[in-house]
There are 2 protein chains.
Amino acid sequence: MSNSLVAMPAIPDIVIGRLPLYLRALIYMKNQGQLTTSSNELGRRLGMSSAQIRKDLSHFGEFGKQGTGYHINYLVDQLRQILKLDQEWRVAVIGAGFLGHALANYNGFIHRGFHISWIFDSDITKVGEDMGGVVVQPMDELEETIAREGTQIALLAVPAERAQAVTDRLVKTGVQAILNYAPINLTVPPDVQVGYSDPVVQLQHMTYYLDASRS
Amino acid sequence: MSNSLVAMPAIPDIVIGRLPLYLRALIYMKNQGQLTTSSNELGRRLGMSSAQIRKDLSHFGEFGKQGTGYHINYLVDQLRQILKLDQEWRVAVIGAGFLGHALANYNGFIHRGFHISWIFDSDITKVGEDMGGVVVQPMDELEETIAREGTQIALLAVPAERAQAVTDRLVKTGVQAILNYAPINLTVPPDVQVGYSDPVVQLQHMTYYLDASRS
DNA sequence: ATCCGTGAGTGAAATATTTCACATATCGAT
DNA sequence: ATCGATATGTGAAATATTTCACTCACGGAT
């Protein structure tokens, strides 16, 4: 029985956001044949303090051993469980332009917990085309297919003008998370997760720090 | 003469990171024909508090008018200046795979301050191919071309195994900012900016909040 | 001319996040 | 068996960030 009388504060979102980075670095080390690591080494690799890593992990349990550090395999398993990666998530790509094409062909998804099952486009001439082993579906069939297959996540790679309208359809059909590549802010109900990926926003953040005169 | 005796605290990076979002929303409104806005409206659009927007902007000056709000054109100009977007930055894409292809063809860059001048690939069979008006160059010529053209920013779309090695070459040649699409952490000198874009990391962040049982 | 609703800018307060530094545990070597 | 080096987990302290709530200004309406 869980302790329902004590207010359990939610774990800060900023902490959750770092867990995938820890996981990625740990898997990298694991693939190098390494068996253990320490908050110190991990911190050095990721450019952050060891204290932050220990504090972050301490929200979820005690995964390390004093004097020894962390057993990589064990910590990887734990992080996967925390992030709900011990299952495969079904992902649909919306929009089969250059970006949708690149996403469908990216083989970094499947080994990290995500299976791209569908790609949709409103351009009828693209329907039927094979992209990375996935065949382009007509946009008309979005709702039916997503509902039938129980697709949980969408990668939104449509023009900005259509992003909100498509989002509304996705939400209505039960998609739980959307990673939006269009340069526009989306409005969704609070139980739907949205992530943003606008390369220009990232570049504009960096230019603030650049020396305009150099080169 | 600037006030060199008073310690001027740096503006928080988290504030800088929000400016491109304000800019994007303002340009959107501007394109809708809107002339003025308020911290309230902007906040509603972006899902943040009006106080935060006012506080953020107050780091740089007084751009609004009490009782009236902000003049969109003026604020856009100011933000562009702050973010050093009143010039065109020269960008090279490294890696001409599906992703490099998508980046080279993305027409969202040029109107927002970034000009993709070059795309490089080590695969000699891709050299000469036209991607979004840019011709693929051999990787061997990376240093020479970047130095000659004064390219300031690189979009790194090479396999993870090669990302650090290519980064070292870019840094040595004088590139000031790198947006890394490879799923690996990069090590760079402190005067070089690095941004990361790993879709899987973003998805893994979102899955934490998803209901594993749904669908 | 005055009033009223709107809204910026801003110190102060409240929260959130990071870092410090220490008690404690482990392991290998002597 | 003891020592020393290493390294976790964690309260407390230090910082950073956000929100509050107020003063003051503007502009349209009466």
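Each chain gets a letter, A, B and so on, in the order the sequences are listed, and its residues count up from 1.
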Note to self: side chain to side chain donor-acceptor pair (under 3.5 Å) for A:Arg169 and A:Thr173? Distances and angles first, verdict last.
What the structure shows: CA-CA 6 Å; A:Arg169 291 173 64 184; A:Thr173 317; over 6 Å; no
Margin query: Taking the nucleotide of DNA chain C with the nearest heavy atom to each, does A:Ile14 or B:Gly61 sit closer to the 5' end?
Written below: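 Mapping each residue to its closest nucleotide by heavy atoms, the 5'-most match is B:Gly61.
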Return the [atom1] to [atom2] distance between [X] and [Y], rounded to the nearest 0.5 Å.
{"X": "A:His115", "Y": "A:Ile153", "atom1": "NE2", "atom2": "CD1", "value": "13.0 Å"}
{"X": "B:Arg45", "Y": "B:Leu21", "atom1": "CZ", "atom2": "CG", "value": "13.5 Å"}
{"X": "B:Asn180", "Y": "A:Gln202", "atom1": "CG", "atom2": "CD", "value": "10.0 Å"}
{"X": "B:Gln52", "Y": "B:Leu57", "atom1": "CD", "atom2": "CG", "value": "10.5 Å"}
{"X": "A:Arg80", "Y": "A:Leu23", "atom1": "CZ", "atom2": "CG", "value": "6.0 Å"}

Closest heavy-atom pair and its distance - [X], [Y]:
{"X": "A:Leu186", "Y": "A:Tyr196", "value": "N-OH, 2.9 Å"}
{"X": "A:Arg24", "Y": "B:Asn185", "value": "NH2-N, 3.7 Å"}
{"X": "A:Ala160", "Y": "A:Ile184", "value": "O-CD1, 3.9 Å"}

Item checked: Nucleotide interval of DNA chain C bounded by contacts with chain B (heavy-atom cut-off, under 4.0 Å) -> C:dT6 to C:dA12
Margin query: Using a strict heavy-atom distance below 4.0 Å, which residues from residues 49-60 of chain A are in contact with DNA chain D?
Written below: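 Contacts with DNA chain D under 4.0 Å: A:Arg54, A:Lys55, A:Ser58.
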Check: Do any of residues 18-35 of chain B sit with a heavy atom less than 4.0 Å from DNA chain D, and if so which?
Finding: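 Heavy-atom contacts with DNA chain D come from B:Arg18.
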Notebook entry, point to check: Could you write nucleotides 24-30 of chain D as a row of B, S and -, 5' to 3', where a protein heavy atom under 4.0 Å of any base atom gives B, of only sugar-phosphate atoms gives S, and otherwise -?
Noted result: BBBS---
Checklist line | Whole-Å distance separating the CG atom of A:Leu75 from the P atom of D:dA7 | finding: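 Rounded to whole Å, this separation is 15 Å.
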Note to self: Five pairs per end, C1' atoms only: what is the angle between the end axes of the helix from C:dA1-D:dT30 to C:dT30-D:dA1, to 10 degrees?
What the structure shows: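 About 0° separates the two local helix axes.
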Margin query: Applying side chain to side chain donor-acceptor pair (under 3.5 Å) to A:Asp56 and A:Tyr22, what does each step give before you reach the verdict?
Written below: CA-CA 10 Å; A:Asp56 283 356; A:Tyr22 301 160; 2.6 Å; yes
Item checked: Listed partners of A:Phe60 passing side chain to side chain contact (heavy atoms under 4.5 Å, CB included), at least two apart ->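 Side chain to side chain contact (heavy atoms under 4.5 Å, CB included) list for A:Phe60, sorted by chain: A:Ile11, A:Val15, A:Ile16, A:Leu19, A:Phe63, A:Ile82, B:Tyr208.
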Next item on the list: Examine distances only and state if a side-chain atom of B:Gln176 and a backbone atom of A:Asp211 form a donor-acceptor pair shorter than 3.5 Å.
Entry: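 Indeed, once roles are kept as given, a pair shorter than 3.5 Å links the two residues.
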Next item on the list: Give a yes-or-no answer on whether the side chains of B:Gln164 and B:Asp168 include a donor-acceptor pair shorter than 3.5 Å.
Entry: yes
Next item on the list: Compute whether any side-chain donor of one residue and acceptor of the other, for A:Arg162 and A:Ser122, lie under 3.5 angstrom apart.
Entry: yes
Item checked: More than 12 heavy atoms from other groups under 6.0 Å of NZ on A:Lys84 -> yes
